[in-house]
There are 2 protein chains.
Amino acid sequence: MSHQAEADRVLRSLNRTCLDHDPDVLRSVLDRVGDKWSLILIGLLDMGPMRFTGLLRTAPGISRRMLTLTLRNLERDGLVKRVIYPEVPPRVEYEVTPFGRTLSEPVLALARWTADHQDTLRANRRAFDQAAGLDADDLG
Amino acid sequence: MSHQAEADRVLRSLNRTCLDHDPDVLRSVLDRVGDKWSLILIGLLDMGPMRFTGLLRTAPGISRRMLTLTLRNLERDGLVKRVIYPEVPPRVEYEVTPFGRTLSEPVLALARWTADHQDTLRANRRAFDQAAGLDADDLG
DNA sequence: CAGTATCCAACTAGATACTG
DNA sequence: CAGTATCTAGTTGGATACTG
């Protein structure tokens, strides 16, 4: 059985189990990984532990609020660990947990897909938008 | 080199290329795949072509509006194909394109991860919420 | 430094009435 | 049947002032 056929079979099964059975778990993970900042933070922390302000500086355009909220959610899921050093001034470091690293692989697969197909995607979108534009302009 | 080490290396590289270079493409794909309905529609269509009303009935809780918007975006990206049969009453079928099927694999990987780890996730969240609750209630 | 609290703007998504 | 148009509620996310 080919890899593709196997993948199809499993996806079909997952469609049934995930969609019919408990779509909320898949949804919640997609919400986590699909929101605006989680993946970027995981990506940054994957390269080593970082502090709050470091992440604030490094993640392009994130606000304090969203950094706090996103880190809390990642921590809640056990994907990121928060380590407090009782010093003055206070120091807090965030790091990816071993559990979090298991998520890297599937995320990696998705990132690879986007990297491999971004040209196709761009072309598709451009073609679609152009066709729509011509439609709207009623030009041949 | 182990699979994990290899994955780490590639992810690190992707961090640099995707995050530093063009985060928007990865973002746009995550937006597509991570939004409320795309994955569910891809899942349904993966089992075979379907018509608008069929999807409306089968996807749990989707509105006409969101079905239209989501299908348009999937079509725009070339992941789904819209086939019009010029009949009366009108018939339109949607099907996953070969390009769309290439996306199944990484999505499959993510779905598998959620399936494999949903118990851990649930436990993590429960533990975190309980700890937060105890904190808030000031109980030991 | 590492957040929290508050306010506000933008976007997302649902309900529903209408059209070819 | 296969949508579009419109209105509205709810959510997400940014700016910023404040706290331990």
Side-chain angles (χ1 to χ4, degrees), chain A residues 23-24 27-41 44-45 49-76 80-95 128 131-133 135-136 138, chain B residues 23-24 27-41 44-45 49-76 80-95 128 131-133 135-136 138:
Chain A
D24 293 349
R27 269 250 57 79
S28 65
V29 172
L30 283 170
D31 286 349
R32 181 71 34 252
V33 118
D35 72 11
K36 199 168 178 184
W37 300 110
S38 292
L39 194 59
I40 291 173
L41 293 183
L44 291 174
L45 291 175
M50 269 207 209
R51 301 175 61 176
F52 188 87
T53 309
L55 290 169
L56 201 58
R57 271 196 309 267
T58 313
I62 196 170
S63 65
R64 291 167 189 283
R65 179 184 138 86
M66 290 318 296
L67 181 53
T68 303
L69 288 177
T70 309
L71 285 172
R72 279 305 162 279
N73 280 327
L74 291 173
E75 189 193 356
R76 178 168 181 256
V80 157
K81 188 176 161 199
R82 185 165 172 265
V83 187
I84 306 158
Y85 299 88
E87 306 170 356
V88 179
R91 183 159 65 97
V92 177
E93 280 192 350
Y94 294 90
E95 59 186 58
F128 184 89
D135 269 11
D138 258 356
Chain B
D24 292 349
R27 268 251 56 78
S28 65
V29 171
L30 282 170
D31 285 350
R32 182 71 35 252
V33 117
D35 74 9
K36 199 168 178 184
W37 299 109
S38 292
L39 194 59
I40 291 173
L41 293 184
L44 290 175
L45 291 175
M50 270 207 209
R51 302 175 61 176
F52 188 88
T53 309
L55 290 167
L56 201 59
R57 272 195 308 266
T58 314
I62 196 169
S63 64
R64 287 168 192 282
R65 179 184 138 85
M66 289 319 296
L67 181 54
T68 302
L69 288 177
T70 308
L71 285 172
R72 279 306 162 277
N73 281 325
L74 292 172
E75 189 192 357
R76 178 169 182 256
V80 158
K81 188 177 162 200
R82 184 165 172 265
V83 186
I84 307 159
Y85 298 89
E87 306 171 355
V88 179
R91 183 159 65 98
V92 177
E93 281 192 350
Y94 294 91
E95 59 186 58
F128 184 90
D135 270 10
D138 259 354

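Checking C:dG20 for Watson-Crick or G-U wobble geometry (two distances, each under 3.5 Å) identifies D:dC1 as its partner.
Contact annotation for B:T68: base contact, defined as any heavy-atom pair under 4.0 Å involving a base atom. The residue B:Y94 sits close only to the backbone: its heavy atoms come under 4.0 Å of sugar-phosphate atoms, none of a base.
Proximity of B:M66 to B:K36: side-chain heavy atoms (C-beta onward) are nowhere separated by under 4.5 Å. Looking at A:Y94 and A:M50, their side chains never come closer than 4.5 Å, going by heavy atoms from C-beta outward. For the pair B:W37 and B:L71, the minimum side-chain heavy-atom distance is 4.5 Å or more. In this structure, A:E95 and A:V83 have side chains that are in contact, with non-hydrogen atoms separated by less than 4.5 Å.
Going from atom CE of B:M66 over to atom C1' of C:dT12 covers 7 Å, rounded to whole Å. Whole-Å rounding puts the A:W37 CH2 to D:dG13 P distance at 9 Å. In this structure, CG of B:L56 is placed 11 Å from P of D:dG3, rounded to the nearest angstrom. Atom CZ of A:F52 and atom P of C:dC1 are 11 Å apart (whole Å). Put simply, CD1 on B:I40 is 14 Å from C1' on C:dA13, counting in whole angstrom units. Going from atom CG of A:L67 over to atom C1' of C:dA2 covers 10 Å, rounded to whole Å. Note: CG (B:L69) to C1' (C:dA13) measures 9 Å, nearest angstrom. Between the C1' atom of C:dG3 and the CE atom of A:M50 lies a distance of 18 Å, rounded to the nearest Å.
Annotation: of the two residues near DNA chain D, B:R65 and B:R51, the 5′-most nearest-nucleotide partner is B:R51. Comparing A:I62 and B:L71, the nucleotide of DNA chain D nearest to each residue sits closer to the 5' end for B:L71.
Under 3.5 Å, the side chains of A:S38 and A:D35 contain a donor-acceptor pair of N or O atoms.
Side-chain atoms of B:T53 lie closest to D:dA2 of the nucleotides D:dA2, C:dA2, C:dG14. Minimum atom distance to the side chain of B:S63 is reached by C:dG14, of the listed C:dA2, D:dT4, C:dG14. Nearest to the side chain of A:K36, among C:dC1, D:dG14, D:dG3, sits D:dG14. Side-chain proximity of B:R82 to D:dC1, D:dG3, C:dA2: nearest is D:dG3.
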